[in-house]
Protein chains: 2
Amino acid sequence: MQTMTDIPRATRERIISAASKLFYSEGIRAVSVDAVAEKAGLTKRTLYYHFRSKDDLVAAYLGARDQPNLSLFRRWFEEADGGLPAKVRAIFNRLARNASHPKWKGCGFLRTSAELANLPGHPAIKIGVAHKKKFEAWLRATFEEAGVTTAAPLARQILLLLDGSFAVVQLHRDPTYMETAGEAAFSLVGAAMKAGPKSGQRKR
Amino acid sequence: MQTMTDIPRATRERIISAASKLFYSEGIRAVSVDAVAEKAGLTKRTLYYHFRSKDDLVAAYLGARDQPNLSLFRRWFEEADGGLPAKVRAIFNRLARNASHPKWKGCGFLRTSAELANLPGHPAIKIGVAHKKKFEAWLRATFEEAGVTTAAPLARQILLLLDGSFAVVQLHRDPTYMETAGEAAFSLVGAAMKAGPKSGQRKR
DNA sequence: GCATGTATACTAACCAGTGAATATACTCAA
DNA sequence: TTGAGTATATTCACTGGTTAGTATACATGC
């Protein structure tokens, strides 16, 4: 069973791809379902065969960004040289480079949840909440592995700086704010390590 | 001249008041001009007599929030006890109390600019940019007066934490993130003062 | 009679979602 | 192998409702 059935799967993903580009660059309510269908090269009625509603489509758009986004941050962290503070700072610096691209429009999760703030139970918002929670959990685990005793609040502080830089850079279109946030993160992680690292774990 | 002309002014402000409530709680594109007119107790046509377009109305909504918002932050800072780090932290703690109110929906400037991110020249976005710049400038001046040598980057870092907490708390509906941001701000300001305060200025 | 302000009633476009028909491809019995 | 039947996938054409903005007329006070 299901031998050739991944051809329709391709259609579904083509729709999500078109929706991603439009929703991310224009916003949710600014993009009509017709516009998504046209961008995907098919009819609105076909789109409604694959998705129950526009809300479902929005949720699929964010759902498709969840894992790739987290992987990217993890990869940036792992590829960076230096100690823990420098590796955290590297995430901000890599992000600053991305943010200077004209198509960059901030964090899709935050922008969507800001636009749909009047619909608290919206499925897309749940996905955004889960995404940010996963990122925070990864940070906390990373800090714990490094022996930082204040891993939980430190992870929150880094998250706050990251999401703050998303918001501020999206507003001012000035990626240097992201580097400033990276320096603040560097300071906070460094201070937390001085205060209470189990002083093992200093690999390499 | 202009003796009784403040009666129409009252109408204009009634419209802005209605627009503020609706735009802030529901979002820009989610609120129709008819809805604003109805909330203000008059006709859409009358509204269009006082405002050229919906975009103008949105700009007026944010423009009316600019000074009061800044004054509030300044007042919170001035009313707080303790040294500079504690006074900065107090802003976050006061904000956390506000954020626990069910009507709280984050920062109107940030949410509007997120929703209108596809319209870079929009007048409302310009107002949002100016607002955040004013706040940053006030922070920097405050730090400079206290003799902090790294006043400029420190002001940016505090701004990043503040806007980060707006975004995160609006997403998770958990004001404790704001207190965490306040602790981070406390640390950063404290570290900056230890590094380079001209060690005068310690009033009171 | 002339400025300002307010209301009624309208337009032209747009939008989320659907009904009904059609095309394609896979299954299974003869 | 073939042909009828069935589930999957797609399209055209439509509906009912909403939206930003306007043409026109009416009121009110100077």
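Note on naming: letters A, B, ... go to the chains in the order of the sequence lines (proteins, then strands), and numbering restarts at 1 for each one. Computation of the quantities below employed the complete heavy-atom set of this structure, encompassing side-chain atoms and omitting hydrogens, waters and symmetry-equivalent molecules.
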Any strand: nucleotide that pairs with dT19(D) via Watson-Crick or wobble, under 3.5 Å:
dA12(C)
In the structure shown, which nucleotide is the Watson-Crick or G-U wobble counterpart of dA7(C), with both distances under 3.5 Å?
dT24(D)
Nearest-Å distance for atom pair [atom1]/[atom2], residues [X] and [N]:
X        : N       : atom1 : atom2 : result
Arg12(B) : dT4(C)  : CZ    : P     : 15 Å
Arg45(A) : dT11(D) : CZ    : C1'   : 10 Å
Tyr48(A) : dC14(D) : OH    : P     : 19 Å
Leu47(A) : dC15(C) : CG    : P     : 14 Å

Strictly below 4.0 Å: does [X] bring a side-chain N or O up to OP1 or OP2 of [N]?
X        : N       : result
Thr11(A) : dA9(D)  : no
His50(B) : dT6(C)  : yes
Thr46(A) : dT10(D) : no

Expected output is a numbered-order residue list: members of residues 28-41 of chain B with a heavy atom under 4.0 Å from any atom of DNA chain C. What is it?
none
Contact list for DNA chain C against residues 54-63 of chain A - heavy-atom distance below 4.0 Å:
Lys54(A)
Whether Arg89(B) side chain and Gly182(B) backbone form a donor-acceptor pair below 3.5 Å:
no
Would a distance-only check, ignoring hydrogens and angles, find a side-chain to backbone donor-acceptor pair under 3.5 Å from Ser113(B) to Leu110(B)?
yes
Do the non-hydrogen side-chain atoms of Leu84(B) and Thr142(B) ever get within less than 4.5 Å of each other?
yes
With the side chain of Tyr49(A) defined as its heavy atoms from C-beta on, choose the nearest nucleotide among dG21(D), dA7(C), dT8(D).
dT8(D)
Among dT11(D), dG17(C), dT22(D), which nucleotide has an atom closest to any side-chain atom of Ser53(A)?
dG17(C)
Which protein N or O atoms sit under 3.5 Å from an N or O of nucleotides 27-29 of chain D?
none

If the condition is ring-ring contact (aromatic ring centres under 6.0 Å, His included), which residues does Phe143(B) pass it with, not counting sequence neighbours?
none
Can you pull out every ring pair (Phe, Tyr, Trp, His ring centres under 6.0 Å) where at least one residue sits in residues 65-99 of chain A? Sequence neighbours excluded, please.
Phe73(A)-Trp76(A), Phe73(A)-Phe135(A), Phe77(A)-Trp138(A)
Could you tabulate the donor-acceptor pairs under 3.5 Å formed by side-chain atoms of residues 155-163 of chain A, not counting sequence neighbours?
from	atom 1	to	atom 2	distance (Å)
Arg156(A)	NH1	Thr176(B)	OG1	3.1
Arg156(A)	NH2	Asp174(B)	OD2	3.4
Asp163(A)	OD1	Lys132(A)	NZ	2.9

Kindly say whether, by distance alone, the side chain of Lys44(B) makes a donor-acceptor pair under 3.5 Å with the base of dA7(C)?
no
With distance as the sole criterion, do the side chain of Arg52(A) and the base of dG17(C) form a donor-acceptor contact below 3.5 Å?
no
With a cut-off of 3.5 Å and sequence neighbours excluded, list every side-chain donor-acceptor pair involving residues 118-131 of chain A.
from	atom 1	to	atom 2	distance (Å)
Asn118(A)	OD1	Arg29(A)	NH2	3.0
Asn118(A)	ND2	Glu26(B)	O	3.3
Asn118(A)	ND2	Glu26(B)	OE1	3.2
His122(A)	ND1	Ala124(A)	N	3.0
His122(A)	NE2	Asp55(A)	OD1	2.8
His131(A)	ND1	Asp66(A)	OD1	2.7

Residues 35-47 of chain B vs salt bridge (Lys or Arg N to Asp or Glu O under 4.0 Å), sequence neighbours excluded, gives Asp34(B)-Lys44(B)
Which residues pass the side-chain hydrogen bond (donor to acceptor under 3.5 Å, both in side chains) test with Glu78(A), sequence neighbours left out?
none
Any residue meeting salt bridge (charged side-chain N to carboxylate O under 4.0 Å, His left out) with Arg94(B), in chain and number order, not counting sequence neighbours
Glu79(B)
Does NZ or CZ of Arg65(A) come closer than 6.0 Å to the centre of the six-membered ring of Tyr24(A), within 45° of the ring's axis?
yes
Minimum heavy-atom separation for Arg111(B) and Gly27(B), please, with both atom names.
NH2-N, 3.7 Å
Distance-minimising heavy-atom pair for Ala60(A) and Phe51(A)
CB-CE2, 3.7 Å
Within residues 113-126 of chain B, find the residues that approach DNA chain D with a heavy atom at under 4.0 Å, and present them sorted by residue number.
none
Please tabulate, for the side chains in residues 96-104 of chain B, all donor-acceptor contacts under 3.5 angstrom to protein atoms that are two or more places apart in sequence or on a different chain.
from	atom 1	to	atom 2	distance (Å)
Ser100(B)	OG	Arg97(B)	O	2.7
His101(B)	ND1	Lys103(B)	N	2.9

